[in-house]
Amino acid sequence: MTITVNTDELLVAYLDNELSPTERQALEERLSHDALLAERLVLLERSSLPFKSAFAPLLDAAPAPRLPAYLTPPTAAVSRRQLIAAAVSFLALGVIGDRAFLHFSQPEENWRELVAQYMALYTPETLVDTPLPEALENQLHSTGQQLGLTLTSEKMMLPDATLKNARTLAYEDRRIAQITWLDPASGPLALCITGNAGQPMAAKSEQRLGMNIVFWADKTHQFMVIGHGSAGNMSEIAGHLQQAIGA
């Protein structure tokens with residue numbers, strides 16, 4: 001049997017146990033000799049996310065009338081699983097299906113919207129692993145170096161949350177640093193940083209996809225703290241990190 005459906009849709013269906021026995025057997029046979037496909041499955045599986053519920057905020061907020069045009073011919077029906085699979089693909093590439101609309105209609109908010117949609121997928125299980133101190137320090141150094149910042153575990157320590165990782169995401173020609181923590185009370189939270197070509201800006205607050213955000217900018221960088229904690233808690237964390245970075 002040859003499988004020719006959308007790869008992420010197929011893998012999501014496999015993880016959700018929605019394939020028929022024949023389809024499942026065919027996919028497992030393909031996984032046994034397709035290293036790239038196997039790596040993709042591991043990537044999705046390691047997220048430890050219940051896909052239907054994890055993607056619900058994205059699907060509810062998605063521009064539904066326009067999404068089918070990205071996925072199928074106009075006359076074809078679009079399943080919820082296809083939307084989920086498409087969202088996985090777009091996020092893995094650092095883009096979303098409605099990229100052009102966001103880019104032209106709200107350029108200043110674009111990167112915060114991308115980060116919010118990415119963070120909406122995180123659960124405590126996503127951040128269950130903690131790197132060794134040396135590996136974490138290397139992650140912070142490499143991430144900071146790419147954005148021209150000095151990031152250390154000492155600077156990034158928070159009183160009530162465990163520092164988990166640091167990495168650099170990419171969207172078009174923009175680099176976005178992401179440092180994550182796991183708060184036992186409110187769950188995953190992150191500090192995200194990108195370059196700034198505009199003016200410095202004092203800290204402001206907003207909500208996106210049920211999460212509280214505090215964002216600000218200096219002459220060279222834009223910053224945002226995002227998480228499920230209260231608005232006051234996010235403001236306190238943002239103030240602590242702003243002082244630690246000197247931004």
Side-chain angles (χ1 to χ4, degrees), residues 12 15 43-62 83-84 87-88 90-92 94 96 102 106 108-131 136 139-140 143 151 153 155-169 171 176-194 201-217 222-245 247:
V12 169
L15 292 172
L43 173 66
L44 297 178
E45 189 175 29
R46 280 181 178 172
S47 68
S48 302
L49 296 172
F51 286 98
K52 291 180 180 178
S53 59
F55 278 90
L58 295 182
L59 298 177
D60 291 341
L83 292 177
I84 290 173
V88 172
F90 292 139
L91 286 169
I96 58 173
L102 282 171
Q106 35 185 325
E108 292 303 319
E109 298 182 10
N110 191 15
W111 83 284
R112 300 201 308 275
E113 180 67 18
L114 288 168
V115 170
Q117 294 197 35
Y118 197 88
M119 286 298 297
L121 308 180
Y122 279 38
T123 69
E125 290 75 21
T126 310
L127 299 176
V128 66
D129 295 325
T130 302
L136 186 55
Q139 289 179 15
L140 287 165
T143 300
L151 301 177
S153 58
K155 287 184 176 182
M156 294 294 101
M157 288 298 175
L158 294 176
D160 301 315
T162 303
L163 182 61
K164 287 293 184 175
N165 60 50
R167 58 180 176 170
T168 303
L169 309 176
Y171 171 66
I176 302 175
Q178 181 195 55
I179 300 98
T180 58
W181 295 260
L182 184 59
D183 187 314
S186 62
L189 66 95
L191 167 67
C192 296
I193 310 167
T194 192
M201 179 179 60
K204 299 180 180 179
S205 300
E206 65 180 6
Q207 283 192 332
R208 292 178 186 265
L209 298 176
M211 293 171 287
N212 283 303
I213 296 172
V214 179
F215 60 98
W216 70 96
Q222 298 181 66
F223 305 83
M224 66 179 284
V225 170
I226 179 170
H228 293 278
S230 67
N233 181 231
M234 290 298 103
S235 292
E236 184 178 343
I237 290 172
H240 176 89
L241 292 173
Q242 188 173 11
Q243 184 176 10
I245 297 173

Would you name the heavy atoms of [X] and [Y] that are closest together and state the gap between them?
X	Y	value
A202	W216	C-CB, 4.0 Å
L151	M156	CD2-CE, 4.3 Å
A116	M211	O-CE, 3.3 Å
L191	W181	N-CZ3, 3.4 Å

Sequence neighbours excluded - side chain to side chain donor-acceptor pair (under 3.5 Å) pairs with any residue from residues 156-166:
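For residues 156-166, and leaving out neighbouring residues, the side chain to side chain donor-acceptor pair (under 3.5 Å) pairs sorted by first residue read T130-K164, N165-T180.
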
Point-to-point distance, once rounded to the nearest 0.5 Å, from CZ of R112 to CD1 of I176:
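Answer rounded to 0.5 Å: 11.5 Å.
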
Is a side-chain donor or acceptor of W111 paired with a backbone partner of C192 at a separation under 3.5 angstrom?
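Judged by distance alone, no pair lies under 3.5 Å.
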
What I'd like to find out is whether the side chain of [X] reaches to under 4.5 Å of the side chain of [Y], using heavy atoms alone.
X	Y	value
P124	L182	yes
L140	I179	yes
T126	P188	no

Pairing residues for T143 by the side chain to side chain donor-acceptor pair (under 3.5 Å) criterion, not counting sequence neighbours
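For T143 there are no side chain to side chain donor-acceptor pair (under 3.5 Å) partners, ignoring immediate neighbours.
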
Distance-only criterion, 3.5 Å: show the donor-acceptor pairs between side-chain atoms of residues 224-237 and protein atoms not counting sequence neighbours.
{"from": "S230", "atom 1": "OG", "to": "N233", "atom 2": "N", "distance (Å)": "3.1"}
{"from": "S235", "atom 1": "OG", "to": "A231", "atom 2": "O", "distance (Å)": "3.1"}

Steps toward side chain to side chain contact (heavy atoms under 4.5 Å, CB included) verdict (Q222, M201)
CA-CA 9 Å; Q222 298 181 66; M201 179 179 60; 5.6 Å; no

Full working for side chain to side chain contact (heavy atoms under 4.5 Å, CB included) between D183 and L158
CA-CA 9 Å; D183 187 314; L158 294 176; over 6 Å; no

Stepwise side chain to side chain contact (heavy atoms under 4.5 Å, CB included) test for K155 and I245
CA-CA 7 Å; K155 287 184 176 182; I245 297 173; 5.7 Å; no

Charged N-O contact under 4.0 Å between E206 and K204
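Salt bridge: no.
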
